[in-house]
Amino acid sequence: MSQEQRPASPPFPALPAQVDLPAVEHEVLRRWSDQKVFERSLEQTRGGRNWVFFEGPPTANGQPGVHHVEARVFKDVFPRFKTMKGFHVDRKAGWDCHGLPVEVAVEKELGLSGKKDIETFGVAEFNDRCRESVLRNVDAFTAMTERMGYWVNMDEAYRTMDPEYVESVWWSLKVIWEKGLLFRDYRISPYCPRCGTTLADHELAQGYETVTDPSVYVRFPVTSGPLADPGRPTSLLVWTTTPWTLVSNTAVAVHPEVQYVVATNGTERLLVAEPLLGSALGEGWQPTGERFEGAEMERWTYQRPFELVAFEEPAHYVVLADYVTVEDGTGLVHQSPAFGADDMAVCRSYGLPVVNPVRADGTFEAGLDLVGGVFFKTADATLVTDLKERGLLFRHVAYEHSYPHCWRCHTPLMYYALPSWYIRTTAIKDRLLEQNAATNWVPGNIKEGRYGEWLRNNVDWALSRSRYWGTPLPVWTCVEDHVTVVGSLAELGGLAGRDLSALDPHRPYVDDVVFDCPECGGTARRVPEVIDVWYDSGSMPFAQWGAPHRNDEVFRANFPGQYICEAIDQTRGWFYSMMTVSTLVFGQTSYKNVVCLGHILAEDGRKMSKHLGNVLEPMAVMERHGADAVRWFMAASGSPWTPRRVGHAALEEIVRKVLLTYYNTASFFTLYANAGETWSHARLADAPAPAERPLLDRWVLSELNRVVRGVDEALERFDTAAAGRLLTAFVDDLSNWYVRRSRRRFWSGASTPEGAAAFATLFECLETVTLLMAPLVPFLTDHVWVALRRPDAPESVHLARWPQVREELIDTGLSEQMALTRRLVELGRAARADSGVRTRQPLARALVGAAGFGDLPEQLRGQVADELNVVRLDPLSSVGGDLVDYVVKPNFRTLGKRFAKRTPLVAKAIQAADARKLVEQVRSTGWAHVEVAGEPVEVSAEEVLVTEQPREGWAVAAESGETVALDLEITPELQRAGLAREVVRLVQDARKSSGLDISDRIDLWWAATDPVTAQAVAEHGAVIGAEVLARDLAEGAPDGPAHAVEAPDFGLRFWLRKV
RNA sequence: GGGCGUAUAGCUCAGUCGGUUAGAGCGCAUCCCUGAUAAGGAUGAGGCCCCAGGUUCAAGUCCUGGUACGCCCA
């Protein structure tokens, strides 16, 4: 219809079939911004119940990658979902600003290497550069966040480096200190004595070198316990590859459950782990029969190998440790807590002293005999010689192993005890376990698995870091070692006696603040450390508001949170620090639900890395496929809790299968709603009640409401993948079954009764599915929403309410019948394909054999007949039994329930029985007799699967007991009807190719050289004319210019002209 | 070395309460349908459901042990 004939503008804006999704998204972004849609969504829920979301701050270090998009999709979907359900969901963005990665990046930029360089460069200047670097990267994150449609308030983002944030962190540490949970102790770190610095894990990994060290077996004479007999001395045989640590030997560890035995060579007696007897002692040693379980040996004392350093507390006895192995050595492990993390942990649990004779430069203390002033590694040789001279050395071999070296200077590293500040999290372990028990983890296995395991093995939190760019530890100490923990700048100002409210609470400025120790009046200086960045981010529930110094009421109204989400690597990172900081400070965790995502891999299944060249850049990917496609992938592709591969192919598929299928259905709707007798929302009132509509409509509304229920339930349990699968299946059903089967009704126009129901039904489906998809794909749904929305509906789908399930429309019986209908169509199509008779050729009838076919409503049988282009559908039982073959198979699922162990026997009997007789019995009485081991057994209709097939002259397809057979006889009448359909198709093609609008009327002329074609056109002229919107259908040439078409295959020419 | 997870078609993944013919999509081949569609449909090729035991009338599914990969930790 032309514009002149339709002065009123069409009811719906056009949704052209060709669509550029990224372009649509930019348009939507502009509209969101112009209409302040995000702000309004917050405004209109104000006063509603809060649903508190906490943003885990990305480290603003480096550029954002697609893996950042993953978590951010999940951080967006659920707030949108909950907002549609009426909750008020504040979303404060945040940036994690501190930390070693930032320092390392800046070091690289400045060409610095190591702490000495940084200090020469100047800490103030260095930290300024760190701050700058963070701000640079924040911009890139902001751009990506906006582009992907992640609604989060970035104008009021919190930054862990802001003074207010730092002050909140200080406050919380003071609370912890006041609870007696902040303390100082030694921490074992890999340490380079030449550079005078500890190394971070990633640095450690770079510096492993294969070296040869002495491996020594040393005698430690037993001095107490059952073996302490001066007449028959026995020694513990102890193995170590670091002889220099023997100077500070503190204990010997054994495994509590390993068997230890005494062995002798006739002259001396040694104790070793039984499994290592041979490998440690070699030839000539016999067990004496004395044996001890490790646990029995606890606290036996021994004579230590060197008396060079003083021990002020009792030491030098056997301790128990689970980490001891019997893989190599002797099963008796030398312990020196200052030089090993395991040693430290074990010795600490026994209250043993930490004795450290090695100075920070790697040399032994000057005054020591034998090794005074000697570099630790160099001391090995001297010490081994001395042991040998004193008869303590049992064996000495070279041992080749991989040992960490400093990646800068190749100096061998020491594991070295350095003073460190700890939080005694072990004191609140039970409380943490209790809090975890009340937390909902998605997926559930993390709760008791990876995370629960981590909590159960909780160790105190080593809080301090000897670095520069971090929250300074707010601890001041004086020479007397009195500790003052400061909770705010105001407090610090009070102590220092000057106004420090404008002080940058970073190094080096805070380091310059000194005050008189409140206890002794001596000068108190800040300890040099900064704190672990995980503590920063774990403080965000209160620190993001600057609470309690500022906004304390806001914090209280938003604590604890409902929902956090990150990838799985955060279990021991942010998920832990969020739970632990809040439990330390407030006695409870900060979140109720936590979603834990798997990692995103490149298309080749490897981690994305610049090095491998397999990186997908998020902005580029979104410009190519659209942010919605990326979002759908993240939320609904595969299983978000496992690692997933992302690539262009996967995204293209989502665009085609999900987004365009959905969009094209909406596009189809607007095309026909705008055509002819237009359809607008006012007509919704004219449509029949759902119960009065055709079965196809009732079916799709039933499916729709099942999907509403399913998607709602899935999202409530944070299962976006299940929601996605339901939506994909529904969109496919809607487009490829409902619309496909209803096309004729849409063509018939909005004012016809069948059209009224179809338009109303499709509108309702599109409206609702748009709402359901909105949290996942906010762009395209809003684009469609704006085109389709009712006049009184919100301007954006994101301001609309989440749909309610209309239970009364759900009809599971109808779903099953439609499923059967569709299976029969599939079988019929298979039969057609097999026979080679194309679908346009009508056939007289199809025979159907299927349980439930008898009850299939006429409307649904009509769908099958129409789809298969057959005149009639008959039950297979209507043909004489002689013409049909039967195959009977056991239905194990039902048989198993009744017969259990006898199932295979009954199954065999069913297969052996005469199929025809069995079917006849079942059909007439519902039961059939079979012989099982000579005994009669009755089986029911549900316990057998009957497949029936006509014998000859039919195209047959059968599956799982359902059969469709097509009558292949083509009568002249059928042939002419088929030809008429060919003609319709040819004319439709011509209409389309000559650019006619779908509702344009035409005049049509035809001339046939083939008499059969001529007869067919003449006979079916009315039908053809109606199908192709021909006002007039005339035999002969046109009376003027017209579009001419040749169809030589049918001996036909025709001409058409727009009216 | 420890904890946790994953393993199903060439690729990406579903697979409900354990039920005997294990599915979908992509890709490939052949064909069909089409006046919304960048679509849709049919057929074919393609499977040691990681391996080995066990439980069971029946195991891709449950149990035990192992292998490979991933994450976290040491």
Side-chain angles (χ1 to χ4, degrees), chain A residues 15-19 201 322-323 325 327 341-342 443 445-446 448-454 456-457 567-573 596 598-599 601 603 605-607 637-639 641-647 649-650 652-657 659-661 663-672 721-722 725 728-729 732 735-737 739-740 743 746-747 825-834 836-840 867 869 889-897 899-907 945 957 959-960 984-985 987-993 996-1000 1027-1029:
Chain A
L15 289 173
Q18 306 292 315
V19 61
D201 290 341
D322 287 329
Y323 83 89
T325 69
E327 308 261 301
D342 286 327
N445 59 285
I446 311 272
E448 293 306 328
R450 177 182 288 228
Y451 187 74
E453 204 58 39
W454 160 249
R456 283 188 288 278
N457 295 320
I568 189 156
D569 54 317
Q570 297 297 330
T571 26
R572 292 167 184 203
C596 197
H599 284 136
L601 302 175
E603 208 160 16
R606 295 190 286 184
K607 266 196 223 181
S637 192
S639 174
W641 341 113
T642 61
R644 291 176 295 169
R645 301 180 183 196
V646 63
E652 276 162 14
E653 187 180 334
I654 287 164
V655 168
R656 279 208 321 274
K657 303 295 291 185
L659 301 180
L660 288 182
T661 307
Y663 175 83
N664 283 324
T665 306
S667 165
F668 171 90
F669 174 82
T670 57
L671 181 65
Y672 282 94
R725 280 196 293 275
T728 307
D732 187 67
S735 170
N736 290 320
W737 189 248
V739 170
R740 194 176 133 80
R743 265 189 290 220
F746 290 102
W747 299 343
V825 167
E826 277 181 33
L827 287 169
R829 283 201 281 242
R832 274 238 178 218
D834 214 31
V837 179
R838 62 180 164 231
T839 314
R840 270 198 302 276
E867 191 71 15
N869 197 15
K889 286 185 177 172
N891 182 348
F892 282 90
R893 187 186 279 270
T894 47
L895 283 174
K897 290 220 164 63
F899 292 103
K901 288 199 183 199
R902 289 165 69 208
T903 306
L905 295 175
V906 180
L945 293 169
E959 199 173 300
S960 307
V984 169
R985 183 182 63 85
V987 177
Q988 300 286 39
D989 273 356
R991 283 182 58 110
K992 195 177 186 180
S993 61
L996 293 185
D997 195 75
I998 49 160
S999 53
D1000 288 336
E1027 284 288 307
V1028 302
L1029 301 184

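Per chain, numbering begins at 1; letters A, B, ... match sequence-line order.
- Within the nucleic acid shown, A:Thr661 has no heavy atom closer than 4.0 Å to any nucleic acid atom.
- Nucleic acid contact class of A:Val825 (heavy atoms, under 4.0 Å, all strands): none.
- Across all strands shown, B:rC49 has no partner, as no Watson-Crick or G-U wobble contact with both distances under 3.5 Å is found.
- B:rG47 and B:rA14 are spaced 15 Å apart, taking the C1' atom of each and rounding to whole Å.
- Rounded to a whole angstrom, the distance from the C1' atom of B:rG40 to that of B:rC62 is 41 Å.
- When each of B:rA36, B:rU20, B:rA38 is scored by its nearest atom to the side-chain atoms of A:Ser667, the top-ranked nucleotide is B:rA36.
- Side-chain proximity of A:Arg656 to B:rC13, B:rA38, B:rC72: nearest is B:rA38.
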Q: Evaluate the ring pair (Phe, Tyr, Trp, His ring centres under 6.0 Å) criterion for residues A:Phe668 and A:Phe746: first the C-alpha distance (whole Å), next the side-chain angles of each, then the deciding distance (0.1 Å), finally the verdict.
A: CA-CA 10 Å; A:Phe668 171 90; A:Phe746 290 102; 5.2 Å; yes
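- A:Lys889 comes within 4.0 angstrom of a base, heavy atoms only.
- Comparing B:rU56 with B:rG19, their C1' atoms sit 12 Å apart, to the nearest whole Å.
- If you check every strand for non-hydrogen atoms under 4.0 Å, A:Ala650 touches nothing.
- Looking at the side chain of A:Arg572, the nearest of the listed nucleotides B:rG2, B:rA14, B:rC57 is B:rG2.
- Pairing partner, B:rA39: none, since no Watson-Crick or wobble contact has both distances short of 3.5 Å.
- Heavy atoms of A:Glu652 sit nowhere under 4.0 angstrom from any nucleic acid atom.
- Looking at heavy-atom distances under 4.0 Å, A:Tyr672 makes contact with sugar-phosphate atoms alone, never a base.
- Within the 3.5 Å criterion, the main-chain N or O of A:Ser637 finds a donor-acceptor partner in the side chain of A:Arg644.
- Put simply, the side chain of A:Ser735 and the base of B:rA36 share a donor and an acceptor less than 3.5 Å apart.
- A:Ser735 places no side-chain N or O within 3.5 Å of a backbone atom of A:Asp732 that could act as its donor or acceptor partner.
- When the nucleotides B:rG25, B:rG70, B:rA36 are ranked by their closest atom to the side chain of A:Glu653, B:rG25 comes out on top.
- For the P atom pair drawn from B:rC32 and B:rC13, the interatomic distance equals 35 Å after rounding to whole Å.
- Considering only the side chain of A:Arg985, B:rU34 comes nearest among B:rC71, B:rU34, B:rC73.
- B:rU12 and B:rA24 make up a base pair, with Watson-Crick or G-U wobble contacts both under 3.5 Å.
- Salt-bridge annotation for A:Glu653 and A:Arg656: absent, with no side-chain N of the basic residue lying under 4.0 Å from a carboxylate O of the acidic one.
- Across all strands shown, nothing is found opposite B:rC17 as a Watson-Crick or G-U wobble partner with both distances under 3.5 Å.
- Residue contacts shown for A:Val655 are absent, as no nucleic acid heavy atom lies under 4.0 Å away.
- Using the Watson-Crick or G-U wobble rule with both distances under 3.5 Å, B:rU61 pairs with nothing in any strand shown.
- Checking B:rA36, B:rC71, B:rC26 against the side-chain heavy atoms of A:Leu671 singles out B:rA36 as nearest.
- Between the CG atom of A:Leu660 and the P atom of B:rU37 there is a distance of 12 Å, given to the nearest Å.
- Set against B:rU34, B:rC26, B:rA42, the side chain of A:Lys657 has B:rC26 as its closest nucleotide.
- Of all nucleotides listed (B:rC26, B:rU34, B:rC57), B:rU34 comes nearest to the side chain of A:Arg743.
- The line from CG of A:Asn664 to CG of A:Leu671 is 11.0 Å long, rounded to the nearest 0.5 Å.
- On the C1' atoms, B:rA58 is 37 Å away from B:rC71, given to the nearest whole Å.
- With a 3.5 Å ceiling on both atom-pair distances, B:rU55 lacks any Watson-Crick or G-U wobble partner.
- Between the A:Ser667 side chain and the A:Tyr663 main chain, no donor and acceptor come within less than 3.5 Å of each other.
- The pairing partner recorded for B:rG70 is B:rC4, the criterion being a Watson-Crick or G-U wobble arrangement whose two distances lie under 3.5 angstrom.
- Here the side chain of A:Thr903 is nearest to one of B:rC57, B:rA39, B:rA36, namely B:rC57.
- A distance-only check finds no donor-acceptor pair linking the side chain of A:Thr642 to the backbone of A:Gly598 [under 3.5 Å].
- Here B:rU20 is the nucleotide among B:rC71, B:rU34, B:rU20 with the atom lying nearest to any side-chain atom of A:Phe892.
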